[in-house]
S.K.: 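Sharing a structure here in structure tokens format.
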Amino acid sequence: MRRKNGLDKRSLSGALAAQDTPGASLPFGSPKRLSDGGVKTSLVEGVYRTIMDLLDSGDLKPGNRIVASELAQRLGLSRGPVREALSVLAGQGLVELLPDRGAMLRPMTRNDLVGIYEVSAPVAAVGLRAAALRIHEGDNAARVAQAMADIETAAKEIAPRFGFYLVLNDFHYLINAIAEKPYVDFVLRAVNIEYWNRFLAEAIDLDQHAEQYVRNYRRMADAVLAGDAGAAEAVMIYHAKWCVSLLKSDGKVRNRRQ
């Protein structure tokens, strides 16, 4: 079954799940509700979701060439619009355009992972600070408490492991919605945070470090729930520095073993 925007069912379900999270589709444009209850997503988001699906299934790996004709066939589109979408994703850093060879899914080094933490943490802290100041409005406190409970569950149950990071993303999307800071979401998504998550899951041993992740996020959530904007911001920065230290130290250990 195909929707009106030409996305296959699998790609549409991924896009639909993403748009249910506040701010999740911002870099791709706002999704539009159809009269039948479905969602019309942008072409760029459809191509992005399909690339993530291929990555998760193992059919596409970082450094692999992306064949526009194959994506076009999967999405039921002509190659021209898919090439245009790949050009947009190249501008966002997800793919690299190769002269006369199409596009390539961009690999990420440990330095890339560290760099994204260094950029994204202060931005995420903006949302946390603002959310703490609005935590007593409506059901905000209950929503944050539930998001924290979801993190605790995910640390024990979610497979594949990058799914844990997606739940952390959901926490931040909720925080940013409470904070009314949509452009925090925009920045987080613009650095291809879901793609980055998949590399983090390979680079950081969650079997060893998931408990500390949960402790850090519990401190973060507690600060927000207490309305302590300064503490919420400080915990976010502390957490990012801790993650960067893991990436740097684990990288050194692995290099010595090679």
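Values below: all heavy atoms of this structure, side chains included; hydrogens, waters and symmetry mates excluded.
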S.K.: Taking the side chain as every heavy atom from C-beta outward, state whether Val187 and Tyr183 have any atom pair closer than 4.5 Å.
M.R.: no
S.K.: Would you check if Arg110 and Lys248 make a side-chain contact, meaning some heavy-atom pair closer than 4.5 Å?
M.R.: no
S.K.: Where does the angle between the aromatic ring planes of Phe199 and Tyr195 fall among parallel (under 30°), tilted (30 to 60°) and perpendicular (over 60°)?
M.R.: perpendicular
S.K.: Can you run down the salt bridge (charged side-chain N to carboxylate O under 4.0 Å, His left out) pairs that involve residues 225-237, sequence neighbours left out, and say none if there aren't any?
M.R.: Arg129-Glu233
S.K.: Test your reading of the model: is there a side-chain donor-acceptor pair from Arg198 to the backbone of Glu194, 3.5 Å cut-off?
M.R.: yes
S.K.: Measuring only between side-chain heavy atoms, which start at C-beta, is Ile151 closer than 4.5 Å to Phe164?
M.R.: yes
S.K.: Have a look at Tyr165 and tell me which of Leu200, Asp170, Ile193 forms a side chain to side chain contact (heavy atoms under 4.5 Å, CB included) with it.
M.R.: Leu200
S.K.: For the residue pair Arg219 / Asn216, report whether a side-chain donor-acceptor contact shorter than 3.5 Å exists.
M.R.: no
S.K.: Determine which pairs satisfy side chain to side chain donor-acceptor pair (under 3.5 Å) with at least one residue from residues 61-70, sequence neighbours left out, and list them in order.
M.R.: none
S.K.: Hey, are Asp222 and Arg218 close enough for a salt bridge, meaning a charged N less than 4.0 Å from a carboxylate O?
M.R.: yes
S.K.: Go through the side-chain N and O atoms of His172 and Tyr217 and say whether any donor and acceptor fall under 3.5 Å apart.
M.R.: yes
S.K.: Hey, are Ser57 and Asp59 close enough side-chain-wise for a donor-acceptor pair under 3.5 Å?
M.R.: yes
